[in-house]
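Below: the structure, in structure tokens.
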Amino acid sequence: QVQLVESGGGLVQAGGSLRLSCAASESFFSFNSMGWFRQAPGKQRELVARIYSGGTTNYADSVKGRFTISSDNVKNTVELQMNSLKPEDTGVYYCKLVGRRSRYDRFADYWGQGTQVTVSS
């Protein structure tokens, strides 16, 4: 079964940086997008950043200019460089991949287990 393995979360002071990484345990034939979502207690899960197979990116307004998403289409990995972190960036960050294992499979959503990011004042 495909797993998305995340790393890079942790505790950092405001103004600091973290780099999140996510890698699929198995290869994919193709993918539509890879991205990061986050969720804080009592809040809905929200899109942080997403990158499509063609290279187009989307960012939440709250992170524009501070976060950068990148991907390796061959390795099916995605990274999120987070700079100038703020306490409001605190939450559980989830990696998501939309892709298919082969040309005969349907596209499906794959989610990571989530990694905690805590930004202190």
Side-chain angles (χ1 to χ4, degrees):
Q1 186 172 9
V2 173
Q3 288 187 317
L4 301 183
V5 181
E6 303 177 42
S7 62
L11 174 65
V12 66
Q13 291 184 324
S17 298
L18 286 173
R19 187 177 182 89
L20 304 183
S21 298
C22 176
S25 61
E26 300 180 44
S27 63
F28 281 77
F29 173 74
S30 64
F31 75 95
N32 176 263
S33 66
M34 292 184 285
W36 293 91
F37 292 73
R38 69 186 179 190
Q39 186 170 24
K43 297 182 62 178
Q44 293 183 318
R45 187 174 300 184
E46 64 175 347
L47 171 70
V48 177
R50 179 163 54 202
I51 184 167
Y52 293 88
S53 60
T56 301
T57 57
N58 292 331
Y59 293 94
D61 288 341
S62 60
V63 307
K64 287 182 178 178
R66 300 188 297 118
F67 291 9
T68 302
I69 189 169
S70 61
S71 65
D72 185 321
N73 293 350
V74 176
K75 297 182 178 180
N76 293 315
T77 60
V78 61
E79 296 186 342
L80 184 68
Q81 178 65 45
M82 304 185 294
N83 298 325
S84 302
L85 284 162
K86 304 175 181 179
E88 49 263 45
D89 294 318
T90 294
V92 179
Y93 284 67
Y94 298 90
C95 175
K96 179 184 179 181
L97 183 154
V98 181
R100 57 178 178 174
R101 300 298 306 281
S102 75
R103 67 173 69 248
Y104 308 106
D105 296 320
R106 70 177 67 181
F107 281 91
D109 295 350
Y110 299 86
W111 289 89
Q113 78 286 351
T115 184
Q116 178 70 42
V117 172
T118 303
V119 184
S120 62
S121 300

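Every value quoted in this text rests on a predicted model; they were computed, and no experiment measured them.
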From [X] atom [atom1] to [Y] atom [atom2], the distance as rounded to the nearest 0.5 Å:
X: Phe31; Y: Ser71; atom1: CZ; atom2: OG; answer: 4.5 Å
X: Asn32; Y: Ile51; atom1: CG; atom2: CD1; answer: 12.0 Å
X: Thr77; Y: Leu4; atom1: OG1; atom2: CG; answer: 11.0 Å

Which residues pass the salt bridge (charged side-chain N to carboxylate O under 4.0 Å, His left out) test with [X], sequence neighbours left out?
X: Arg100; result: none
X: Lys43; result: none
X: Arg38; result: Glu46, Asp89
X: Arg101; result: Glu26

Pair listing, disulfide bond (SG atoms under 2.5 Å apart) test, anchored in residues 38-73, at least two apart:
none

Contact list for residues 49-85, test disulfide bond (SG atoms under 2.5 Å apart), sequence neighbours left out:
none

Decide yes or no for Val48 and Leu80: does some side-chain heavy atom of the first lie under 4.5 Å from some side-chain heavy atom of the second?
yes

Steps toward side chain to side chain contact (heavy atoms under 4.5 Å, CB included) verdict (Leu47, Trp36)
CA-CA 6 Å; Leu47 171 70; Trp36 293 91; over 6 Å; no

Residue pairs meeting ring-ring contact (aromatic ring centres under 6.0 Å, His included), one or both in residues 43-83, sequence neighbours left out, come to none

Show the nearest heavy-atom pair for residues Cys95 and Val78, with the distance to one decimal.
SG-CG1, 3.6 Å

What salt bridge (Lys or Arg N to Asp or Glu O under 4.0 Å) pairs are there with at least one residue in residues 112-121, not counting sequence neighbours?
none

Under 3.5 Å, which donor-acceptor pairs do the side chains of residues 9-23 form with other protein atoms, sequence neighbours left out?
residue	atom	partner	partner atom	Å
Ser17	OG	Asn83	OD1	2.9
Arg19	NE	Glu79	OE1	2.9
Arg19	NH1	Gln81	OE1	2.8
Arg19	NH2	Glu79	OE1	2.2
Ser21	OG	Glu79	OE2	3.4

Residue list, side chain to side chain contact (heavy atoms under 4.5 Å, CB included) with Ala60, at least two apart or on another chain:
Ser62, Val63

Is Phe37 reachable from Leu97 through a run of I, L, V, M, F, W or Y residues, each pair having side-chain heavy atoms under 4.5 Å apart?
no

Same hydrophobic cluster for Val2 and Met34, using side-chain heavy-atom links shorter than 4.5 Å among ILVMFWY?
yes

Pairs meeting criterion side-chain hydrogen bond (donor to acceptor under 3.5 Å, both in side chains) with involvement of residues 2-11, two or more places apart
none

Donor-acceptor contacts under 3.5 Å from residues 106-121 side chains, at least two apart:
residue	atom	partner	partner atom	Å
Gln116	NE2	Thr118	OG1	3.3

